[in-house]
Structures are given as structure tokens and as C-alpha cells.
Amino acid sequence: MREAPADYLEFAAARSGPLFRTACLLTGDWHLAEDLVQETLAKMYRSWRRINRAQSPVAYADTVLVRTFVSQRRRRSSTERPSDRMPDTAGPEPDAELRMALLDGLARLTSRDRAVLVLRYWEDRSVEETAQALRLSPGAVRTRSMRALQRLRDVLGAELADLIA
């Protein structure tokens, strides 16, 4: 087995944190997020020589992460969960209830809707960056964003109004 190139190791160390944060938002599960980041970095390593010459390995990694997530969600086994409840956790932020409600609402959306909302609004990506990551047109991203936001509002219902006020 050959050793990993130093530039790959440096890239993986620098990007694993942001990739993990995005994966947590997409999956809603710490362990699945770790698996998703590991699979993303493994795919990056396999073709690192080609990727390294690309303009932006960071954007490539983000794209691989989102596409791997969407691909995993399509598999039938991805719906298996060891428990139907997440443990209660306290957060230092004053808006912890709002954050938890939003995460719960995101978990109830389809994987595509969740990916669009996370990339556009949580990760603050442009329409073009989101479109490239999801292989959609910018118009499709705008339409899906609008509809996904409405679905999220419908899912949260009165709970959102109570938390915002």
C-alpha cells in the first residue's frame, strides 16, 4: 500500500471539519455524517491526482459529499434507524429550541429538498454553486428552494411561529 500524498493529507485535515458539519446537517445523525465524510474523502483519495489539477478541490469535495448523500438516501437500507428518538441535548445558544425545530423539520423533508436548503441557506452557497453541486440548473435550484422552504414551513406549522416570536 502506498502512502498518501502530503497535499492530500493536508487537504483532508483542513476540510474534514467543514465537510462533517455539512454532513451532520444533511443526515441529521452524527454517525452517518462521519461515514459520509469518510466515504467522501475515500473517493477524493482514489482520484486525487486528477482532482488536484482541477480549479477547486474544495468545491469538488462538497459536490462529492452531497451526491454521495443523495445516492445513499436512494438506497432502501438508508431508512434503517436503530432508534426513533434522538437524545435530548442542551446547547449553549439561546435559540437552541429554534435550531432543534429546524433540524427536525429538515429531517422530515426529502433528501433533495434538504440538500438544497442546507447548501443555499445554512451553508450560504450561491444558486450557481448549489446548482453545480446537485447537477441542476440554477432555475431548478430557485424553484426547489422556494418549494422546499414552503414544505418546511408546512412541516413546522405553528411551532415555527411560537419559536420565532
Side-chain angles (χ1 to χ4, degrees), residues 1-75 77-83 86-87 89-96 98-100 102-107 109-142 144-145 148-149 152:
M1 183 176 234
R2 60 189 166 120
E3 253 184 66
D7 56 342
Y8 170 78
L9 294 174
E10 182 181 323
F11 173 82
R15 289 302 301 164
S16 61
L19 285 171
F20 179 72
R21 184 188 72 221
T22 302
C24 279
L25 292 170
L26 290 171
T27 62
D29 182 276
W30 180 280
H31 302 290
L32 291 176
E34 287 177 336
D35 292 343
L36 186 59
V37 170
Q38 184 176 14
E39 189 170 342
T40 298
L41 291 175
K43 288 179 180 181
M44 295 284 295
Y45 177 73
R46 280 188 296 224
S47 54
W48 180 248
R49 290 179 193 217
R50 182 178 48 84
I51 295 167
N52 195 22
R53 292 186 207 118
Q55 291 180 355
S56 178
V58 171
Y60 190 90
D62 293 338
T63 300
V64 169
L65 179 83
V66 172
R67 290 181 183 164
T68 302
F69 165 72
V70 171
S71 174
Q72 285 178 350
R73 296 298 297 174
R74 286 188 191 126
R75 294 184 202 140
S77 64
S78 71
T79 60
E80 296 176 6
R81 300 283 182 257
S83 173
M86 295 292 288
T89 57
E93 301 136 18
D95 64 343
L98 175 61
R99 185 179 187 89
M100 293 305 291
L102 287 173
L103 289 173
D104 183 52
L106 281 173
L109 297 177
T110 66
S111 58
R112 281 280 195 179
D113 286 346
R114 188 178 326 150
V116 167
L117 291 180
V118 166
L119 291 176
R120 282 285 293 129
Y121 300 109
W122 212 303
E123 292 289 322
D124 198 27
R125 303 276 174 90
S126 69
V127 171
E128 290 75 22
E129 290 171 330
T130 304
Q132 185 179 11
L134 296 174
R135 291 185 181 169
L136 297 171
S137 70
V141 169
R142 284 191 276 282
R144 187 173 283 275
S145 296
L149 280 173
L152 184 60

Quick check: closest heavy atoms across Val66 and Ala115, and the distance to 0.1 Å? CG1-CB, 4.2 Å
Work out which heavy atom in Val64 is nearest to a heavy atom in Lys43; give both atom names and the distance. CG1-CD, 3.9 Å
Enumerate, atom names and distances included, each donor-acceptor pair closer than 3.5 Å involving a side-chain atom of residues 10-24, sequence neighbours excluded.
residue, atom, partner, partner atom, Å
Arg15, NH2, Asp62, OD1, 3.2
Ser16, OG, Ala12, O, 3.3
Arg21, NE, Glu123, OE2, 3.3
Arg21, NH2, Glu123, OE1, 2.9
Arg21, NH2, Glu123, OE2, 3.2
Thr22, OG1, Pro18, O, 3.2
Thr22, OG1, Glu123, OE2, 3.0

In Å and rounded to the nearest 0.5 Å, what is the CZ to OG1 distance from Arg67 to Thr40? 12.0 Å
Please report the closest heavy-atom contact between Ala133 and Leu119, naming both atoms and the distance. CB-CD1, 4.1 Å
What distance do Leu26 atom CG and Phe69 atom CZ have between them, rounded to the nearest 0.5 Å? 5.0 Å
Looking at CZ of Arg73 and CG of Leu32, how far apart are the two atoms once the value is rounded to the nearest 0.5 Å? 8.5 Å
Nearest 0.5 angstrom please: Arg142 CZ to Leu136 CG, how far? 12.0 Å
Go through the steps to decide whether Tyr60 and Arg50 satisfy the test side-chain hydrogen bond (donor to acceptor under 3.5 Å, both in side chains), and finish with yes or no. CA-CA 11 Å; Tyr60 190 90; Arg50 182 178 48 84; 3.3 Å; yes
What heavy-atom pair brings Leu25 and Val118 nearest, and what distance separates the two atoms? CB-CG1, 3.9 Å
What residues, two or more places apart in sequence or in another chain, satisfy side chain to side chain donor-acceptor pair (under 3.5 Å) together with Thr110? Asp113
Which residues pass the salt bridge (Lys or Arg N to Asp or Glu O under 4.0 Å) test with Asp104, not counting sequence neighbours? Arg108
Where Leu117 and Ser145 come nearest, the two heavy atoms and their spacing: CD2-O, 4.0 Å
Nearest 0.5 Å, please: how far is CZ in Arg135 from OG1 in Thr130? 15.5 Å
Answer yes or no: is there a side-chain heavy-atom contact under 4.5 Å between Tyr8 and Leu41? yes
For Leu106 and Leu152, work out which heavy atoms get closest and say how close. N-CD1, 3.8 Å
If the condition is side-chain contact (heavy atoms from CB on, under 4.5 Å), which residues does Leu9 pass it with, not counting sequence neighbours? Ala4
Just by modelled atom types, is the Arg125 backbone N or O under 3.5 Å from a matching donor or acceptor in the Arg120 side chain? yes
With Thr63, which residues qualify under side chain to side chain donor-acceptor pair (under 3.5 Å), at least two apart? none
Could you pull out all residues at least two apart from Ala42 that satisfy side-chain contact (heavy atoms from CB on, under 4.5 Å)? none
Nearest 0.5 Å, please: how far is CD1 in Ile51 from OH in Tyr45? 12.0 Å
All side-chain contact (heavy atoms from CB on, under 4.5 Å) counterparts of Ser126, not counting sequence neighbours: Glu128, Glu129
